[in-house]
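Following: one structure in structure tokens, then a few remarks.
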Amino acid sequence: LDGGIGLLTELIEETPGHPMLLSDRLRACVRAKKFDLAVVDGEALLAIDPNNKEWQFLLDVARGKTPESMPESTVRN
């Protein structure tokens, strides 16, 4: 995951604020327990779309909070 996070970081530096890149890095950081960076990405994403349930869920996880609910988009079949 660290290599993927590094690559996403490079892409974000080239295209700051790109929601898809930030979202991918947010998910990767939560999986890798890199919560400081995940919080930064989650806050940036919620500034773009404050109603996005998946981003709010991942930000809560990164902050060590118990999320209110688990969005369907975060559940794998």
Side-chain angles (χ1 to χ4, degrees):
L1 282 174
D2 285 345
I5 292 169
L7 177 59
L8 286 165
T9 299
E10 289 177 23
L11 293 170
I12 290 167
E13 288 171 359
E14 293 174 15
T15 315
H18 192 284
M20 186 172 64
L21 296 173
L22 288 168
S23 180
D24 287 348
R25 188 172 71 176
L26 170 60
R27 280 190 225 88
C29 285
V30 168
R31 281 190 214 109
K33 297 184 169 126
K34 295 185 178 290
F35 297 125
D36 290 343
L37 186 54
V39 168
V40 170
D41 290 346
E43 289 174 347
L45 287 163
L46 286 175
I48 295 167
D49 181 1
N51 297 314
N52 187 299
K53 302 289 186 207
E54 180 182 356
W55 296 341
Q56 184 61 60
F57 171 82
L58 292 168
L59 180 58
D60 286 346
V61 170
R63 288 180 170 158
K65 296 167 77 176
T66 301
E68 290 184 29
S69 63
M70 180 179 260
E72 191 174 318
S73 61
T74 62
V75 179
R76 293 181 187 227
N77 293 329

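Source: prediction; values computed, not measured.
Between the CD atom in Glu54 and the CE atom in Met70 there is a gap of 10.5 Å [rounded to 0.5 Å]. Residue Leu58 holds its CG atom at 9.5 Å from CG of Leu45, rounded to the nearest 0.5 Å. In this structure, CG in Asn51 is found 6.5 Å from NZ in Lys53, a value given to the nearest 0.5 Å. Here the CG atom belonging to Asp60 is positioned 7.5 Å from the CD atom belonging to Glu68, to the nearest 0.5 angstrom.
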- Would you check, one step at a time, whether the test side chain to side chain contact (heavy atoms under 4.5 Å, CB included) holds for Ile5 with Lys34? CA-CA 10 Å; Ile5 292 169; Lys34 295 185 178 290; 3.7 Å; yes
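The one candidate from Val40, Asp41, Val39, Leu46 that meets the side-chain contact (heavy atoms from CB on, under 4.5 Å) condition with Glu43 is Val39. Each of Thr9, Leu8, Leu26 was evaluated against Leu21; a single residue qualifies, Leu8, per the side-chain contact (heavy atoms from CB on, under 4.5 Å) test.
In terms of heavy atoms, Ile48 sits closest to Gly17 at CD1-O, 3.8 Å. Nearest heavy-atom pair across Ala62 and Phe35 is O-CB, 3.4 Å. The two residues Ala38 and Leu59 come nearest to each other via the heavy atoms O-CD1, 4.5 Å.
Ion pairing between Arg27 and Asp24 holds under the 4.0 Å rule for side-chain N and carboxylate O.
In this structure, a donor-acceptor pair under 3.5 Å is absent between the side chains of Gln56 and Asn52.
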